[in-house]
Amino acid sequence: MSDQVYDVIIIGSGPAGLTAGIYTSRANLKTLLLAGEKWGGQLMLTTLVENFPGFVDGIQGPDLMMNMRAQAEKMGVEIKEEEAVGVDFSKKPLKVGPYLARAVIIATGAEFKWLGVAGEEKLIGKGVSACATCDAAFFRNKKVVVVGGGDAAMEEALFLTKFASEVTIVHRRDEFRASKIMQDRVKSNEKIKIKFNTQIAELFGEQKLEKVKFTSGEEMAIDGLFVAIGHAPATDLFKEVIELDEKGFVLRKQQVKKYKMMTSIEGVFTAGDVHDHNYKQAITAAGYGCEAALEVEKWLEEK
Amino acid sequence: MAAVHLTRNDFDEKTKTGVVMVDFWATWCGPCRMAGPVIDELSTEYSGKALVAKLDVDAEPEIAGKYGVMSIPTVILFKDGTEIGRQVGFSGKAGYVQLLSKAGI
């Protein structure tokens, strides 16, 4: 273990973590960012991002993240494609795996949620997918189902219509929670059918996905199933270490009152989808990353 | 050194003997672009022990179809032309190293 103490360690490499890094590095704070091997966060699985300001014609999610990373590195952020393993926030300096820091920003975002139904796991990569933008082209003229009711599900369904012959969106509620513009696009697309109040019970197929059974007992022959039921905060690492809410989101406890991004432990801040259960946008995550970074800067100054 | 790109013209020839790991990928796939540099690294590190190569599924859909690739990135490990393992989804370098260990290297 090296004795080097960073000013700040950022855990996470989505818009929140990388924005925080750009700000802390620019403020001359020695910054280590633990990106994880699968870096870049949820935007790495998207296509065109139309609502991130500054890109008139939109920008591809992976391009946006590669640019953010390049910008952070240019500013001097040290990025390691390592997972954070084990944290010790019980004493100063704070410890993240083998690394030491005066402050920490938790920006681990959220993890993909699978359905957890019978047959799903063994069919991943054989018709069951988490990423329409990656896999849609394998379903040319095929029948596919998208599960979910948010913007991600709408985007996946719309993207799939470029390839598949028929796209059915299956949602457990009687309405979508997606933004109106995305819902309108889905509802006006002739290739898309919608099944509300429907849940998946089981998936069937040996070499590849062949059939889905709904909880109603109804069955449907399909070639592909795309899961887009959302994400859960990636906080396993912090259980019993900092205070989380009942759903596992990091709580902003403002251990020192004026720092609104501080967690239940002094010097540990948070940013992005790991604490935000309201907005979950690339731009809000980036905004939170900026707030956390500015607060770290100020807090370190006052120490 | 960047990993070699296989095509329909040399796929069978190149995978026929020895240990060959092929990364099925496409430009429009975010996780594939994360995997790309890792595959390049591995091709250098395993030089002499295994051929680590890439296959663009856009350019060669028939080969992807032949091996039942329906999700990318998918990395398939061949030994003397026979598939002995595959990794679906980007697994990080560690995942690919583990896959290669199935060939005894």
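Residue numbers start from 1 in every chain, and the chains themselves are labelled A, B, ... in the order their sequence lines are given, proteins ahead of strands.
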Would you give the length of the straight line joining atom [atom1] of [X] to atom [atom2] of [Y], rounded to the nearest 0.5 angstrom?
X       : Y        : atom1 : atom2 : value
A/Met44 : B/Met34  : CE    : CE    : 4.0 Å
B/Ser91 : A/Glu37  : OG    : CD    : 7.5 Å
B/Met70 : A/Lys142 : CE    : NZ    : 5.5 Å

Under a 4.5 Å cutoff for heavy-atom pairs, which residue among B/Val38, B/Asp58, B/Thr74, B/Val69 has the most contacts with chain A? B/Val69
I'd like to check B/Pro31 versus A/Leu45 (side-chain heavy atoms, cut-off strictly below 4.5 Å). Are they in contact? yes
[X] [atom1]: over 12 foreign heavy atoms closer than 6.0 Å:
X        : atom1 : result
A/Lys143 : NZ    : yes
B/Glu83  : CD    : yes
B/Gln98  : CD    : no
A/Lys122 : NZ    : yes

By a 4.5 Å heavy-atom criterion (distance strictly below it), what part of B/Ala35 contacts chain A: side chain, backbone, both, or neither? neither
At a 4.5 Å cut-off on heavy atoms, which part of A/Met65 comes close to chain B: side chain, backbone, both, or neither? neither
Identify the heavy atoms of A/Gly125 and B/Val88 that sit nearest to each other, and give their distance. CA-CG1, 3.7 Å
For B/Ile72 and A/Phe138 the tightest heavy-atom approach is CG2-CZ, 3.6 Å
Return the option, out of A/Gly127, A/Pro62, A/Cys134, with the maximum number of heavy-atom pairs under 4.5 Å with chain B. A/Cys134
